[in-house]
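Worksheet: one structure, shown below.
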Amino acid sequence: MDPGIFIFLVMLLAALPLYIIAYLIGVKKHVGLIAGSDSGRVIDEDGLAEWVGMILFLIGVVIVMMGLGICLFIGKTLTIALSGITLITALIIALILGIKRYVT
């Protein structure tokens, strides 16, 4: 098996739990799945669920795109990995800052 395809499949498999959790939180509104969430301090549960679900989904998309990029451009693996890590870090920072809008 081509190493690029193998890497893409591994990245796709790694993103799958993020998609499942994003669905459970963002669509099904299971706010209790958010680590450290205290339902007594949440101002807008629906908004919080949508925000966290959307960011988790986007992180999963970045992971899959990293795998696809590595599959297509195997010689640029380091550049693609660093770009993906930078995007994921930015999304995590946005997640943390955005949660503050929904919690007192």
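Bear in mind that the values here come from a model prediction, so they are computed numbers and not experimental data.
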Do [X] and [Y] come within less than 4.5 Å of each other through their side chains, counting heavy atoms only?
{"X": "Phe73", "Y": "Thr79", "result": "no"}
{"X": "Ile34", "Y": "Trp51", "result": "no"}
{"X": "Leu48", "Y": "Ile43", "result": "no"}
{"X": "Met66", "Y": "Ile88", "result": "yes"}
{"X": "Phe57", "Y": "Leu18", "result": "no"}

Reported [atom1]-to-[atom2] distance for the pair [X] and [Y], which is rounded to 0.5 angstrom:
{"X": "Ile92", "Y": "Ile59", "atom1": "CD1", "atom2": "CD1", "value": "5.0 Å"}
{"X": "Cys71", "Y": "Leu12", "atom1": "SG", "atom2": "CG", "value": "11.0 Å"}
{"X": "Thr89", "Y": "Leu82", "atom1": "OG1", "atom2": "CG", "value": "10.5 Å"}
{"X": "Leu33", "Y": "Ile20", "atom1": "CG", "atom2": "CD1", "value": "12.0 Å"}
{"X": "Leu78", "Y": "Ile70", "atom1": "CG", "atom2": "CD1", "value": "9.5 Å"}
{"X": "His30", "Y": "Ile25", "atom1": "NE2", "atom2": "CD1", "value": "9.5 Å"}

Open item on the list: What verdict does the side chain to side chain contact (heavy atoms under 4.5 Å, CB included) test give for Tyr19 and Val61, after you've listed the backbone C-alpha separation in whole Å, the side-chain angles of each residue and the deciding distance to 0.1 Å?
Closed with: CA-CA 9 Å; Tyr19 291 137; Val61 168; 3.8 Å; yes

Open item on the list: Could you walk me through whether Lys29 and Glu50 satisfy the side chain to side chain contact (heavy atoms under 4.5 Å, CB included) test, starting with their C-alpha distance in whole Å, then the side-chain angles of each, then the deciding distance to 0.1 Å, before giving a yes or no?
Closed with: CA-CA 8 Å; Lys29 310 293 186 209; Glu50 289 174 8; 3.2 Å; yes

Task: Cluster check Ile85, Leu56: I/L/V/M/F/W/Y, side chain < 4.5 angstrom - done: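 Result: no, two separate clusters.
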
Open item on the list: With a 4.5 Å cut-off on side-chain heavy-atom distances among I, L, V, M, F, W and Y, is there a chain of contacts connecting Val52 to Ile96?
Closed with: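 Same cluster: Val52 reaches Ile96 through Ile, Leu, Val, Met, Phe, Trp or Tyr contacts under 4.5 Å.
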
- [ ] Check Val31 against Ala49 and note the closest heavy-atom contact, atom names and distance.
- [x]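 In this case the closest contact between Val31 and Ala49 is CG2-CB, 4.0 Å.
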
TODO: Can you see which heavy atom on Ala15 is nearest to which on Val64, and at what distance?
DONE: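 In this case the closest contact between Ala15 and Val64 is CB-CG2, 3.7 Å.
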
Task: Over 12 non-hydrogen atoms of neighbours within 6.0 angstrom of CE in Met54 - done: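 Result for CE/Met54: enclosed.
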
Open item on the list: When you measure from the side chain of Thr104 to the backbone of Arg41, do you find a donor-acceptor pair of N or O atoms at a distance under 3.5 Å?
Closed with: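 Between the backbone of Arg41 and the side chain of Thr104 there is a qualifying donor-acceptor contact (under 3.5 Å).
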
Open item on the list: Go through it in stages, so that I can follow the logic: the residues are Ile99 and Leu95, the test is side chain to side chain contact (heavy atoms under 4.5 Å, CB included), and I'd like the CA-CA distance, side-chain angles, deciding distance and then a yes or no.
Closed with: CA-CA 6 Å; Ile99 284 176; Leu95 173 68; 4.1 Å; yes

- [ ] Sequence neighbours left out, what passes salt bridge (charged side-chain N to carboxylate O under 4.0 Å, His left out) with Glu45? Give chain and number order.
- [x]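 Not a single residue meets the salt bridge (charged side-chain N to carboxylate O under 4.0 Å, His left out) criterion with Glu45.
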
